[in-house]
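Here the structure is laid out as structure tokens; the discussion comes afterwards.
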Amino acid sequence: MSAPENRRAPAPHPGLGFLPPALLECAQAVTLAAGEVLFRAGDRPERLYFVLDGELILVRVTRGGREVVLQRARSGFLAEASVESRRYHCDGVARRTSCACALPMGAFRKALAADAAFRAAWQKHLTGEIRRLRAQSERLALNSAAERIVHFIESEGEGGAIELRQSVKSWALDLGLTHEALYRALARLERGGEITRNGARVTLASRPRATSR
């Protein structure tokens with residue numbers, strides 16, 4: 001089942017600023033209900049999606065029937081690899097009510113081939129995604145919930161702090177934890193003085209500098 005499309009231009013978004021104007025003119029806004037399917041594994045990629053609001057995921061179902069989330073996009077592109085693929089290898093689904101910018105894949109590929117500046121900007125974006133995925137893999141290899149929390153703040157935040165733009169339940173999924181395990185770990189870290197929480201802001205406690213003797 002393909003997503004319904006609104007025949008209108010998407011709202012301006014800073015994440016789309018590097019796209020050529022002619023490509024943006026081809027874009028359409030897409031609204032999706034929670035659970036709605038953008039595409040299925042095996043479908044031909046006809047559009048590239050950029051999440052403006054909400055949350056879209058790439059999900060694959062294992063032989064045992066378990067869903068594995070391979071990408072979670074809340075403000076950015078979904079399934080960038082589809083630009084170079086003939087078929088999707090996962091399902092694209094709206095986790096909650098969402099709005100996305102749909103870019104025609106043919107026009108996107110032509111713009112990459114014709115516009116060197118756009119091609120360089122896209123390569124820079126993909127490099128950033130590789131770094132993010134490496135950090136995520138490194139984080140999920142850590143054994144304890146506390147280690148994953150600290151790693152997330154250090155790698156995704158700034159100055160030892162992060163402003164969460166998602167629910168704790170969504171954060172738990174990113175960390176590969178149940179939300180109950182995340183709540184317990186946050187409480188332990190806070191009691192131990194290792195973090196402070198102020199609304200959506202989580203800050204690591206400053207560590208004393210080693211003194212030379």
## Note on the structure
Rounded to the nearest 0.5 angstrom, the CZ-CG distance for Arg60 and Asp91 is 9.5 Å
### Query
Taking everything shown except Arg134 itself, do over 12 heavy atoms lie less than 6.0 Å from its CZ?
no
### Query
Measuring from Cys90:SG to Arg40:CZ, what's the distance to the nearest 0.5 Å?
12.0 Å
### Query
Can you find a pair of side-chain heavy atoms, one from Tyr183 and one from Leu177, that are under 4.5 Å apart?
no
### Query
How close do Ala146 and Leu189 get, heavy atom to heavy atom, and via which atoms?
CB-CD2, 4.0 Å
### Minimum heavy-atom distance between Asp115 and Pro20, given as atom pair plus value
OD2-CG, 3.8 Å
## Note on the structure
Nearest heavy-atom approach of Arg95 to Ala34 is O-CB, 3.9 Å
### Query
Should Arg132 and Glu156 count as side-chain neighbours, where that means a heavy-atom distance under 4.5 Å?
yes
### Message
With side-chain contact (heavy atoms from CB on, under 4.5 Å) as the criterion, how do Thr203 and Asn198 come out once you've worked through the C-alpha distance, each side chain's angles and the decisive distance to 0.1 Å?
### Response
CA-CA 8 Å; Thr203 305; Asn198 183 12; over 6 Å; no
### Message
Taking the side chain as everything from C-beta on, heavy atoms only, tell me whether Arg74 gets closer than 4.5 Å to Glu55.
### Response
yes
### Task
Report whether Ile57 and Leu133 are members of the same hydrophobic cluster (ILVMFWY, side-chain heavy atoms less than 4.5 Å apart, transitive linking).
no
### Query
If you look at every heavy atom in Leu175 and Arg139, which pair is closest and at what distance?
CD2-CD, 3.8 Å
### Message
How long is the straight-line distance from CZ of Arg201 back to OG1 of Thr196, given to the nearest 0.5 Å?
### Response
8.5 Å
### Gap between atom CZ of Arg184 and atom OG1 of Thr178 - 0.5 Å precision
5.5 Å
### Summary
Here the gap from Leu112 atom CG to Arg119 atom CZ, rounded to the nearest 0.5 Å, amounts to 7.5 Å
#### Entry: Close side-chain approach of Ile149 and Leu182, heavy atoms under 4.5 Å
yes
### Message
I'd like to know whether CZ of Arg44 has more than 12 heavy-atom contacts from other residues, nucleotides or ligands below 6.0 angstrom.
### Response
no
### Query
So which heavy atom on Ser82 is nearest to which on Tyr88, and how close?
CB-CE2, 3.5 Å
### Summary
In short, Leu140 meets Arg148 closest at the heavy-atom pair O-NH2, 3.1 Å
### Query
Regarding His13 and Ser75, is there a side-chain donor-to-acceptor distance under 3.5 Å anywhere?
yes
### Task
For the residue pair Leu78 and Leu38, establish whether any side-chain heavy-atom pair is separated by less than 4.5 Å.
yes
### Query
More than 12 heavy atoms of other residues, nucleotides or ligands under 6.0 Å from CZ of Arg197: is that the case?
yes
### Query
Can you get from Leu204 to Trp171 by hopping between Ile, Leu, Val, Met, Phe, Trp and Tyr side chains that sit under 4.5 Å apart?
yes
### Query
Is there side-chain contact between Leu16 and Phe77, with heavy atoms separated by less than 4.5 Å?
yes
### Message
Quick check for you: to the nearest 0.5 Å, what is the distance between Leu56 atom CG and Cys99 atom SG?
### Response
9.5 Å
### Message
Looking at Arg47 and Ala102, would you say the former's side chain and the latter's main chain have a donor-acceptor pair under 3.5 Å?
### Response
no
### Task
Give the intermediate values and the outcome of side-chain contact (heavy atoms from CB on, under 4.5 Å) for residues Leu19 and Leu103.
CA-CA 10 Å; Leu19 269 62; Leu103 298 158; 3.5 Å; yes
### Task
Indicate the ring-plane relationship of Phe118 and Trp122, choosing parallel, tilted or perpendicular according to the 30° and 60° boundaries.
tilted
### Query
Same cluster for Ile195 and Leu142 if Ile/Leu/Val/Met/Phe/Trp/Tyr side chains link at under 4.5 Å?
no
### Arg87 (side chain) donor-acceptor with Ala41 (main chain) under 3.5 angstrom
no
### Query
Do Lys124 and Thr127 have side-chain heavy atoms sitting under 4.5 Å apart?
no
### Query
Does some side-chain heavy atom of His125 sit less than 4.5 Å from a side-chain heavy atom of Glu129?
yes
### Message
Taking atom CD as the centre, does Glu180 end up with more than 12 heavy-atom neighbours from other residues, nucleotides or ligands that are less than 6.0 angstrom away?
### Response
yes
